[in-house]
Amino acid sequence: MTKQDLLLYFIMGSNNTSNDTVDVLQEAISGGITCFQFREKGLGALSGNDKHTLAKKLQDVCVSHDVPFIVNDDVELALAVKADGIHVGQDDIPLSDLKRRCPDNMTIGISAKTMAEAKEAQENGADYLGVGPMFSTTTKEDAELPIGPQSLQHMREAGITIPIVGIGGIDESNAKEVMDAGADGVSVISAISKAMDISQAATAVKRRLTFC
Ligand SMILES: Nc1nc(C(F)(F)F)ncc1COP(=O)(O)OP(=O)(O)O
Ligand SMILES: [Mg+2]
């Protein structure tokens, strides 16, 4: 996975849309997403074999379009399906354990909302950071208070050099602000997964990211 893959990072689970999850992913890919994270959690989330089966279906879509497939939290699932990467937060499996259990070619993303978390993750070998929440979000039920793009800029000024994805309440209206603060990409859930026209919504965000 490259830094460029992080430009428009779509995250979705079956409970983030009322449509067929596979159709939504296909539409999002046609709209220009560059990376996908399978995040199956919260009310109504699948588990066990149903979760594994959906993961494989979504991974097949990603593979057929050369889009990296990342698994949220579930290291056993990520290893079982040979995902391109895994993303975990501060309260999930420690980075050191992930490093030991995952093959070197599996990308590891770590959530960071403070400078200390960002510095620790960079020092311990995270491949990229998910920094946020940038703005208020309704998707992540236990999200903390927004830290804003300025926190991301301060991380850059303090020497955080690994790739950073901004996350939390991002849509076409505020995506450029996150990039201008020093992000390599933005992560989006509802602005795409709940749009009337999924492909058009992805394209609208992407248009704000690429500097013309
Ligand atoms: N899932 C995420 N993906 C990203 C990414 F950078 F990939 F956009 N950044 C941050 C998160 C949040 O991760 P986490 O703190 O574990 O909470 P949850 O498990 O509820 O998602
Ligand atoms: Mg997590």
Side-chain angles (χ1 to χ4, degrees), residues 1-16 25 28 33-47 51 55 58 62 67-78 83-95 97-98 102 106-114 116-118 120-122 126-149 151-152 155-156 160 162-171 174-175 178-179 181-193 202 205-206 209:
M1 234 180 99
T2 68
K3 180 163 71 171
Q4 290 69 29
D5 290 325
L6 296 172
L7 183 65
L8 180 52
Y9 191 157
F10 181 43
I11 301 180
M12 179 179 59
S14 61
N15 59 4
N16 296 124
L25 178 56
I33 66 165
T34 55
C35 187
F36 173 68
Q37 181 186 130
F38 178 50
R39 179 178 180 271
E40 189 67 14
K41 68 188 314 180
L43 199 63
L46 303 176
S47 59
K51 180 179 177 182
L58 297 173
C62 287
V67 169
F69 178 78
I70 311 292
V71 171
N72 173 269
D73 284 2
D74 189 340
V75 63
E76 287 74 21
L77 178 62
D84 296 299
I86 182 164
H87 188 93
V88 295
Q90 296 294 319
D91 302 331
D92 297 312
I93 176 174
L95 176 54
D97 292 356
L98 273 183
C102 297
M106 185 177 278
T107 294
I108 298 176
I110 301 291
S111 300
K113 61 185 172 303
T114 67
E117 290 171 352
E120 181 188 40
Q122 176 167 275
D127 294 303
Y128 73 83
L129 298 179
V131 173
M134 291 286 102
F135 312 103
S136 60
T137 172
T138 53
T139 305
K140 180 171 164 58
E141 290 136 15
D142 56 344
E144 312 257 351
L145 288 174
I147 59 172
S151 295
L152 197 157
M155 288 178 182
R156 285 300 191 210
I160 300 296
I162 61 174
I164 294 178
V165 182
I167 187 170
I170 299 175
D171 59 27
N174 57 27
V178 177
M179 298 299 285
D184 297 289
V186 297
S187 177
V188 174
I189 302 181
S190 308
I192 294 175
S193 75
V205 177
K206 189 154 186 195
L209 305 176

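In each ligand, atom 1 is the first atom listed, and ligand 1 is the first ligand listed. Counting begins at 1 with the first residue of the sequence.
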Just by modelled atom types, is the [Y] backbone N or O under 3.5 Å from a matching donor or acceptor in the [X] side chain?
X	Y	value
Asp127	Ile108	yes
Ser193	Asn16	yes
Asn15	Leu43	yes
Asp84	Ile70	no
Asp92	Val75	no

- Query: Taking the six-membered ring for Trp, are Phe10 and Phe36 parallel (under 30°), tilted (30 to 60°) or perpendicular (over 60°)?
  - Reply: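 Answer is tilted, since the angle falls between 30° and 60°.
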
Should [X] be counted as touching ligand 1, given the test is an N or O pair under 3.5 Å?
X	value
Val88	no
His87	yes
Lys140	yes
Gln90	no
Asp142	no

Report, in ascending order of atom number, the atoms of ligand 1 lying under 4.0 Å from any heavy atom of [X].
X	result
Tyr128	6 (F), 7 (F)
Ile11	3 (N), 8 (F)
Ile167	2 (C), 3 (N), 4 (C), 8 (F), 9 (N), 10 (C), 11 (C)
Arg39	18 (P), 20 (O), 21 (O)
Asp73	16 (O), 19 (O)
Asp92	16 (O)
Ser187	8 (F)
Gly130	6 (F), 9 (N)

- Nearest-neighbour protein heavy atom for atom 13 (O) of ligand 1, which is reported as residue plus atom name and distance: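 Protein heavy atom at minimum distance: Ser111 OG, 2.9 Å.
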
- Protein contact to atom 3 (N) of ligand 1 [nearest heavy atom, distance to 0.1 Å]: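 For atom 3 (N) of ligand 1, the nearest protein heavy atom comes out as Gln37 NE2, 3.1 Å.
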
- Item | Point-to-point distance, once rounded to the nearest 0.5 Å, from CD1 of Ile164 to CD of Gln122 |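 The distance works out to 8.0 Å.
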
- Could you tell me if any non-hydrogen atom of Lys41 lies under 4.0 Å from any atom of ligand 1?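 Contact present.
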
- Asp92 atom OD2 and Asp73 atom OD1 as seen from the Mg ion (ligand 2), angle to 10 degrees: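 Rounding to the nearest 10 degrees gives 90°.
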
- Message: For Asp142, is the CG atom crowded, meaning more than 12 foreign heavy atoms sit under 6.0 Å from it?
- Response: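 Above 12, so yes.
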
- Item | Close side-chain approach of Ile110 to Gln90, heavy-atom, < 4.5 Å |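 Side-chain contact under 4.5 Å: yes.
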
- Query: Applying a 4.0 Å heavy-atom criterion (strictly less than), which segment of Ile70 is in contact with ligand 1: side chain, backbone, both, or neither?
  - Reply: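 None of Ile70 does.
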
- Task: For a side chain to side chain contact (heavy atoms under 4.5 Å, CB included) with Tyr9, tell me which candidate from Val165, Val186, Ile33 qualifies.
- Result: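 When Val165, Val186, Ile33 are each tested with Tyr9, the side chain to side chain contact (heavy atoms under 4.5 Å, CB included) holds only for Val165.
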
- Partner of Ile160 by side chain to side chain contact (heavy atoms under 4.5 Å, CB included), out of Val131, Leu152, Leu129: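 In the set Val131, Leu152, Leu129, the residue that makes a side chain to side chain contact (heavy atoms under 4.5 Å, CB included) with Ile160 is Leu129.
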
